[in-house]
Amino acid sequence: MRAHRQAKKLTFAIVAWTIAMASFVFFRYSQAPELPQWAVGSSDLATLSIYMGIIFGSLHWMSNLIADFSAINRMPYLFSVIFKGLFLLLGATTLAYITQFLNMWAIENHMTTLRQMLTAHILYSPAFQALMIYLVAVRIGLAFIEQMALLVGPKVLLNIGLGKYHRPRYEQRLFLYLDMVASTSHAESLGDYRFSRLIQDCFSLLSDTIVNNEAEIYRYMGDAVLIYWPLEEGVKLDRSFNIYYEFSQQLSWQRRYFEEQYGFVPKFKAAAHCGQVVAAVVGVQKQEISFFSDVLNTLARLQDQCNPLGQRMLISGSLYSQLDTSSSDYLFKKLGPVKLKGKQHSIEVYGVSVKTSDN
């Protein structure tokens with residue numbers, strides 16, 4: 001799944017840079033009365049755009065990959081942007097020199113010409129400087145879009161940009177609520193700073209399984225996180241259950257680290273519920289897509305029942321009725337109608353556990 005995610009990022013980078021390079025080539029040569037000497041027809045301009053898009057898109061993806069899997073990822077974001085920009089410019093300059101080098105071999109006395117061409121003359125030419133400025137502008141613009149996607153989620157950013165939720169609309173959603181067990185005592189024993197580092201470490205482990213199960217993060221709430229899907233997507237392939245149990249497994253695999261850093265391995269409890277919500281963009285200075293429904297209130301009350309019922313994960317009867325339990329890798333234990341705090345009527349509640357060889 002990580003390779004699939006990187007493939008999607010590479011595809012996005014190549015497409016974005018191909019569009020950017022097509023725009024540059026169009027405005028660079030559209031006003032000229034004749035095509036440049038190297039172009040036989042307009043198709044050569046399209047070929048150049050695609051070629052440059054693939055090269056710069058690949059460099060863009062490589063700089064992101066290096067930054068994500070190195071110490072650069074822990075540095076201030078400004079340093080990360082500077083590194084990615086310098087990486088791209090270095091690649092562009094190297095590409096220009098290599099291209100010039102290859103072209104010179106077709107010219108008589110090419111070595112003399114090569115020494116004349118591979119100098120500061122290239123760097124100080126107006127065309128090359130214009131290209132460098134344009135590359136920097138595009139790189140900064142894409143870095144901004146990528147950072148916004150990290151802050152609000154790629155799908156949310158796209159929906160806000162398209163204006164999908166500027167008018168409230170009804171949707172069917174599945175929500176998963178994860179909350180740390182005994183968080184108050186942990187916060188008191190660790191102190192605010194170390195507890196915040198603990199939350200960072202925990203949710204860092206959560207990110208991969210969220211992507212693998214095609215979920216979106218709705219909101220972080222201290223030591224809790226609210227995750228959601230469109231209902232038809234969330235019930236597929238046990239996604240809501242996979243997130244919780246894969247996350248728990250990740251925490252267990254990092255047992256030594258957590259015990260060394262914090263003296264214990266954090267545990268989480270979970271609840272899942274589904275139903276109709278109203279989705280709308282709220283805010284002016286800071287916008288977000290918010291969901292309005294009793295579904296979220298019921299979910300919070302359901303999660304409060306994990307400890308009284310002795311369950312790690314609970315789901316509502318509404319969600320259970322949407323599942324294909326025959327093909328599921330999980331067992332569902334009916335706990336009967338449960339009266340939730342603040343609710344007039346009881347709801348059906350089920351406990352969720354992983355199937356074992358004994359089952």
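FYI, side chains are in, hydrogens and waters are out, and symmetry mates aren't considered; it's all heavy atoms of this structure. Along the sequence shown, the residues carry numbers beginning at 1.
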Is there side-chain contact between [X] and [Y], with at least one heavy-atom pair below 4.5 Å?
X    : Y    : result
F195 : S183 : yes
Y193 : R197 : yes
M221 : Y177 : yes
L142 : W17  : yes
W229 : I243 : yes
C202 : L251 : yes
S240 : F175 : no
R239 : L176 : no

Kindly write out the residues that satisfy ring pair (Phe, Tyr, Trp, His ring centres under 6.0 Å) with [X], not counting sequence neighbours, or none if the list is empty.
X    : value
F12  : none
Y330 : F241, Y245
F203 : Y220
Y320 : F332, Y350

Residues in salt bridge (charged side-chain N to carboxylate O under 4.0 Å, His left out) with [X], at least two apart?
X    : value
R194 : none
K236 : E233
E259 : R255
E348 : K334

So which atom in [X] and which in [Y] form the shortest heavy-atom distance, rounded to 0.1 Å?
X    : Y    : result
H60  : A13  : CD2-CB, 3.8 Å
F268 : D223 : CE2-O, 3.6 Å
R139 : S63  : NH2-OG, 3.3 Å

Side-chain hydrophobic cluster, 4.5 Å single linkage: members besides I19: V15
[atom1]-[atom2] distance between [X] and [Y], expressed to the nearest 0.5 angstrom:
X    : Y    : atom1 : atom2 : answer
E246 : T209 : CD    : OG1   : 3.5 Å
Q249 : N242 : CD    : CG    : 12.5 Å
D201 : Q254 : CG    : CD    : 9.0 Å
E216 : I210 : CD    : CD1   : 9.0 Å
M180 : I199 : CE    : CD1   : 3.5 Å
D238 : L323 : CG    : CG    : 7.5 Å

Whether over 12 other heavy atoms sit under 6.0 Å from D324 CG: yes
Pairs flagged by salt bridge (charged side-chain N to carboxylate O under 4.0 Å, His left out) wherever residues 262-279 is involved - sequence neighbours left out: none
Path from [X] to [Y] over hydrophobic side-chain contacts below 4.5 Å:
X    : Y    : value
V352 : V235 : yes
V181 : L198 : no
L10  : M21  : yes
L331 : L237 : no
F247 : V354 : yes

Aromatic plane relationship, Y218 with Y228 - under 30° parallel, 30 to 60° tilted, over 60° perpendicular: perpendicular
Below 3.5 Å, can you tabulate the donor-acceptor pairs from side chains in residues 294-316 to any protein atom, sequence neighbours excluded?
unit_1: D294; atom_1: OD1; unit_2: K343; atom_2: NZ; d: 2.4
unit_1: D294; atom_1: OD2; unit_2: T298; atom_2: OG1; d: 3.2
unit_1: D294; atom_1: OD2; unit_2: K343; atom_2: NZ; d: 2.7
unit_1: T298; atom_1: OG1; unit_2: D294; atom_2: O; d: 3.0
unit_1: T298; atom_1: OG1; unit_2: K343; atom_2: NZ; d: 3.3
unit_1: R301; atom_1: NE; unit_2: K341; atom_2: O; d: 3.4
unit_1: Q303; atom_1: NE2; unit_2: D179; atom_2: OD2; d: 3.3
unit_1: R312; atom_1: NE; unit_2: Y244; atom_2: OH; d: 3.4
unit_1: R312; atom_1: NH2; unit_2: S248; atom_2: OG; d: 3.3
unit_1: S316; atom_1: OG; unit_2: H273; atom_2: ND1; d: 2.6
unit_1: S316; atom_1: OG; unit_2: L319; atom_2: N; d: 3.3

Step-by-step side chain to side chain contact (heavy atoms under 4.5 Å, CB included) determination, L206 to L178: CA-CA 10 Å; L206 180 63; L178 298 178; 3.9 Å; yes
Heavy-atom donor-acceptor pair, S318 side chain to C274 backbone, under 3.5 Å: no
Trace of the side chain to side chain contact (heavy atoms under 4.5 Å, CB included) decision for F258 with L205: CA-CA 12 Å; F258 283 108; L205 294 176; 3.8 Å; yes
Non-neighbouring partners of A280 that pass side-chain contact (heavy atoms from CB on, under 4.5 Å), sequence neighbours left out: P168, F292
